[in-house]
Amino acid sequence: MRVDIVTVFPEMIQQAISHSIIRRAREAAVLDIRVVNLRDYTHDARRTTDDSPYGGGPGMVMKIEPLCEAVQAVREHQADARPLVILMDAAGEKLDQKLVQEIAAHESLVLLCGHYEGVDERVRSRLVDREISIGDYVVTGGELPALVLLDAVARLKPGVLGKDESAQEESFAQGLLEYPQYTRPEEFEGLQVPDVLLSGHHAEIGKWRRRESLRRTAERRPDLLNKVELTADDLQFLSEIGISVQTDK
Ligand SMILES: C[S@@+](CC[C@H](N)C(=O)[O-])C[C@H]1O[C@@H](n2cnc3c(N)ncnc32)[C@H](O)[C@@H]1O
C-alpha cells in the first residue's frame, strides 16, 4: 500500500513512522509511505502555506494552491493515478473500525493534514474524496489524526502484523470488545489468572473468551451489541448475566 502524507511538519510524521510495526512494514516493502512537505509546493521566499480568512476573524487558513500542486505531484508519481484523497478534519466522518476496513481496501491514499483554522473550503470540493475525523474533539493539526488513521489501516494489510499478532480477535474486529488477556505470573498479589486459560482446553478457552467479550461489551459499550450478529448461545449467556438485546441484525 502506498500512502502520501501532505504536511507542513514532515518531521512529526518521519519520527512516528520510524518505529515498531510501521517501520517493519516499510522495511518489508508492504507499506510505501512518502512524507510530502507542503512548503515544497509554494513559490514565495517565505514558503507561505496559509493566509488570513476572508471576512475576518482569528487565525489563519491553509491556502488551496500549494495543496492542489502537492496532490497533483503525488498523482503524477503514483502508479495509481486515482489515490483516495483524505482530508483529516474534525468535521469529517467519525473514524471507526468499519471505516478503517473500508479505507484499507484501497491500494493508495493521500492524507492531507490541516493546521491553524483549517483549510480553504474549496479544498474539499476540488481535491478531497473523504473527510475523516478521529473523534469529537479538536487537536492542533492533522498530523496526529493522519498517523492514527495510517496505523489503524496499516495493521489490517496482509504482511504488516507478524504471525504472532492478529487483528482478527481485537476489539471491534467482530463488533465486540476484546476479551481480557493475561500473561505470567499465574498469581500476582492474590490476583489469579482464570483457571480455564491454564487448562490447555482450546474449545473451553474459546468459549470463555467469547463470553468475556460479550460481558465486557455489555458492561462498557452496550450500543455495540445491537449491531453484532449474536448466536443463540451468546443470547443465552447475556440473559444469564441479566442483559437483554434487541439486535438490528
Ligand atoms: C486546530 S484544527 C482546526 C479546527 C477547525 N477550526 C474546526 O473548528 O474544526 C487544525 C487541523 O487539525 C486537524 N484536526 C483537528 N481535530 C481533528 C479531528 N478530530 N480529526 C481529524 N483532524 C483533526 C485538521 O486537519 C484541522 O484542519
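One-based numbering, in listed order, for ligands and for the atoms of each. Worth knowing before you read on, the calculation uses all heavy atoms, side chains too, and leaves out hydrogens, waters and symmetry mates.
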Atoms of ligand 1 close to [X] [distance to a heavy atom under 4.0 angstrom, numbered from 1]:
X    : result
Y116 : 1 (C), 2 (S), 3 (C), 10 (C)
P145 : 21 (C), 22 (N), 23 (C)
V138 : 1 (C), 2 (S), 4 (C), 16 (N)
D89  : 20 (N), 21 (C), 22 (N)

For [atom], what's the nearest protein heavy atom and its distance?
atom                    : answer
atom 19 (N) of ligand 1 : Y137 O, 2.8 Å
atom 5 (C) of ligand 1  : E117 O, 3.6 Å
atom 2 (S) of ligand 1  : V139 O, 3.3 Å
atom 25 (O) of ligand 1 : M88 O, 2.6 Å

Taking C-beta and beyond as the side chain, do [X] and [Y] meet within less than 4.5 Å on heavy atoms?
X    : Y    : answer
I13  : L150 : no
F172 : L224 : yes
L149 : L95  : yes

I134 N/O under 3.5 Å from ligand 1 N/O: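 N/O-N/O distance under 3.5 Å: yes.
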Contact check: V119 vs ligand 1, nitrogen or oxygen atoms, below 3.5 angstrom: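 No, since none of the N or O atoms of V119 sits under 3.5 Å from an N or O of ligand 1.
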Under-4.0 Å protein heavy-atom contact, atom 27 (O) of ligand 1: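 So far as the 4.0 Å threshold goes, atom 27 (O) of ligand 1 is in reach of a protein heavy atom.
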Contact bool for atom 7 (C) of ligand 1 (protein heavy atom, d < 4.0 Å):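 Neighbour list for atom 7 (C) of ligand 1 is empty of protein heavy atoms (cut-off 4.0 Å).
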Would you say the side-chain atoms of [X] and [Y] include a donor-acceptor pair closer than 3.5 Å?
X    : Y    : answer
E240 : Q236 : yes
Q101 : Q97  : no
E65  : H43  : no

Proximity to ligand 1 by part of T140, non-hydrogen separation under 4.0 Å: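 The part of T140 near ligand 1 is the backbone, not the side chain.
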Ligand 1 versus I132: contacting region, heavy-atom distance under 4.0 Å: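 Backbone only.
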For the student: nearest non-hydrogen atoms of V6 and A70, plus distance: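 Smallest interatomic distance, heavy atoms only, reads CG1-CB, 4.1 Å.
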Within 6.0 Å of CZ in R47, more than 12 heavy atoms from elsewhere: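 Yes - once you tally the heavy atoms of other residues, nucleotides and ligands closer than 6.0 Å, there are more than 12.
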Whether over 12 other heavy atoms sit under 6.0 Å from D195 CG: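 Atom CG in D195 is not crowded, with 12 or fewer foreign heavy atoms closer than 6.0 Å.
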Nearest-option assignment for atom 13 (C) of ligand 1, heavy atoms, candidates S133, G141, A90, G118: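 Closest candidate by heavy-atom distance is G141.
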Any G135 heavy atom less than 4.0 Å from ligand 1: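 Yes, that is the case, since the closest heavy atom of the residue is under 4.0 Å from the ligand.
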Residue among D50, L112, L87 satisfying side-chain contact (heavy atoms from CB on, under 4.5 Å) with V119: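 Answer after filtering D50, L112, L87: L87.
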